[in-house]
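Here is the structure we will look at.
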Amino acid sequence: MNLENASHEQLRQWEAQLSADYEAIVARKLSLDLTRGKPSAEQLSLADALDGILKGNYKSADGTDTRNYGGGDGLPEARALGAAILGTSQAETLAQGNSSLTLMFQCLLNAVQFGFNGPDSAWGKQGKMTFICPVPGYDRHFTLCEQLGIDMVTVPMGTDGPDMDRVEALIQQDPSIRGIWCVPKYSNPTGVIYSDAVVSRIAQLGKLAQPGFKIFWDNAYAVHDLGEPQPLANIMDACKAAGTEDTILQFASTSKITHAGAGIAFVAMSEQNLKSFRAFLGAQSIGPDKVNQLRHMRLIANADQLATHMQAHAAILQPRFDAVLTALDSAFTGSDLGQWETPAGGYFVSFDTRPGCAKAVVKLAADAGVKLTPAGATFPYGKDPQDANIRIAPSVPSVAEVVGAMEVFVTCVKLASVRQKLAS
Ligand code: PLP
């Protein structure tokens, strides 16, 4: 289907046929959901051995009684696992509670309120604060900024990472820029992996930016490959080579490895930043949940076991991604109705409709019993200026449900596009 050169009569025929198809779908009274970027119950069950795994032995490798207070940095073996995921050293890496998002919030708060480099460096004392947000991106990053009064400016995501010309220009033009959000591997939602060249340019940003500039490197999908593990250049190494290691804050978690609500989160940063962040953490807790960290170490003791575990996740996820991509390929390849990437990992497929159609597609799908992430959610303030991006999250429904939901999605995209063209 190609709308640009279609005659009015052709468009009217398509609209009549698609409307009939759509009404037939509505009559089926479906109830399907493609909104939830979380592991399915089947995936969570891969880690159910966590339950009872300690069998009364609470001692960690160095003899620490994990039931007691203390050990604010996290268990050494858990820090080593976090370091393996992030490509950092154990000394640079902390293992904490269940949520990396919490660690991101804490780092932002520390930067705003106290400053990573002493009270004078607190962003809150320096007037307006702005973050660069590659879009489409992860809505919860935007919510954190909103909550702390940080303005957001967008740059487009390309197929190899953010538009670095725009990022560098913004940093040079706008002295209120304090940081940038990055999801460098299987970016949420586009699935893009940052190229070596982009990583290298990001590592140089600290030379262009105001003092105190921070890169929030949220590597949530570092080991979430669907097939062969894909490489990502090491940002900490690149920053050290550039002399900018104080700009980089790295995050990961086991949320989509073990149990999403009961995992371990990791944060890695330079010695200078750690000094500040340890003081910040130490004031609010006498140590993280080391018993849970030890349970994780008994289940996944090293990088090899992690790789095997992630292959089991991939075996569950792959058919769901295949169902999405097969539906998009057969409906839209060669058409002018939409664009998408084929991700090699992560949790999402990002689909761009013709400009101005995303909200209509989401509404049509909802009325036909298929929930989609609200249009605009992948942009700061929920506003997609093109009204084009839709995030598809296929991990939770069964394969049959994904197939059914995609049949509806495809019909809704076609119908919304044809109706918009007819009205134009
Ligand atoms: N970062 C990204 C990019 C995510 O997509 C998600 C969850 O969807 C998270 C962070 C949440 O991580 P956590 O469960 O460790 O807080």
Side-chain angles (χ1 to χ4, degrees), residues 33-40 43-44 47 50 74 78-79 81-82 85-86 93-109 131-145 147 152 157 161-162 179-194 215-226 232 235 249-268 281 288-289 292-293 296 300 306 310 313 317 320-321 341 343 345-350 373-374 377-380 389 391-396:
D33 192 335
L34 288 180
T35 64
R36 291 166 300 178
K38 60 184 188 181
S40 62
Q43 288 177 269
L44 295 170
L50 282 170
R79 296 172 68 191
L81 182 70
I85 292 171
L86 286 170
T93 311
L94 306 182
Q96 294 291 303
N98 75 308
S99 166
S100 61
L101 195 64
T102 301
L103 289 169
M104 293 173 226
F105 178 76
Q106 288 173 320
C107 281
L108 270 183
L109 185 59
F131 253 59
I132 299 176
C133 302
V135 288
Y138 178 39
D139 54 347
R140 287 180 183 273
H141 289 163
F142 309 147
T143 305
L144 293 186
C145 281
Q147 195 166 32
M152 290 174 270
M157 274 292 279
I180 180 171
W181 288 109
C182 295
V183 182
K185 190 166 169 186
Y186 308 134
S187 203
N188 176 351
T190 59
V192 155
I193 302 176
Y194 289 17
I215 300 151
F216 277 66
W217 194 257
D218 176 4
N219 209 344
Y221 302 104
V223 292
H224 302 62
D225 311 278
L226 285 171
L232 170 72
I235 185 73
L249 304 171
Q250 297 191 70
F251 307 89
S253 77
T254 64
S255 290
K256 294 185 183 76
I257 298 174
T258 58
H259 288 171
I264 312 173
F266 308 103
V267 61
L281 282 181
D289 181 348
N292 189 37
Q293 294 186 359
H296 277 73
I300 297 172
L306 176 63
M310 294 317 293
H313 277 287
L317 286 170
R320 288 160 171 80
F321 276 83
E341 297 290 330
Y347 265 64
F348 306 103
V349 178
S350 173
T373 306
T378 52
F379 284 72
N389 188 250
R391 187 184 85 166
I392 299 171
S395 58
V396 174

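Remember, it's 1-based here, ligands and their atoms both numbered in the order they're listed.
- The nearest protein atom to atom 16 (O) of ligand 1, hydrogens excluded, is given as S99 OG, 2.8 Å; this is a heavy-atom distance.
- Each of the following atoms of ligand 1 lies closer than 4.0 Å to a heavy atom of S253: 13 (P), 15 (O).
- You'll find the side chain of Q43 reaches within 4.5 Å of the side chain of L317, heavy atoms only.
- Nearest protein heavy-atom neighbour of atom 1 (N) of ligand 1: D218 OD2, 2.5 Å.
- Looking at heavy atoms from C-beta onward, D139 lies out of side-chain contact with T373 at the 4.5 angstrom threshold.
- Annotation: side chain of L81 is not in contact with side chain of Q293 (no heavy-atom distance under 4.5 Å).
- Nearest to atom 12 (O) of ligand 1 among the protein's heavy atoms is S100 OG, 3.2 Å.
- You'll find the side chain of M157 reaches within 4.5 Å of the side chain of P162, heavy atoms only.
- Contact annotation for N188 and ligand 1: only side-chain heavy atoms (C-beta onward) come within less than 4.0 Å of the ligand.
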Trace of the side chain to side chain donor-acceptor pair (under 3.5 Å) decision for N98 with S253: CA-CA 7 Å; N98 75 308; S253 77; over 6 Å; no
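- Considering backbone and side-chain atoms alike, A260 places every N or O at 3.5 Å or more from each N or O of ligand 1.
- Of the protein's non-hydrogen atoms, the one nearest atom 11 (C) of ligand 1 is Y138 OH, 3.6 Å.
- In terms of protein heavy-atom proximity, atom 14 (O) of ligand 1 is closest to S255 OG, 2.6 Å.
- Of all protein heavy atoms, the one lying nearest to atom 5 (O) of ligand 1 is Y221 OH, 2.6 Å.
- Taking distance alone, with nitrogen or oxygen atoms compared against 3.5 Å, H141 stays at or beyond that limit from ligand 1.
- Side-chain contact between F131 and P380 is absent, with no heavy atoms from C-beta onward closer than 4.5 Å.
- Applying the side-chain contact (heavy atoms from CB on, under 4.5 Å) test between D218 and each of K185, H141, Q250 identifies H141 as the sole match.
- Within the 4.5 Å cutoff, no side-chain heavy atoms of F379 are placed close to those of C133.
- The closest protein non-hydrogen atom to atom 7 (C) of ligand 1 is K256 NZ, 2.8 Å.
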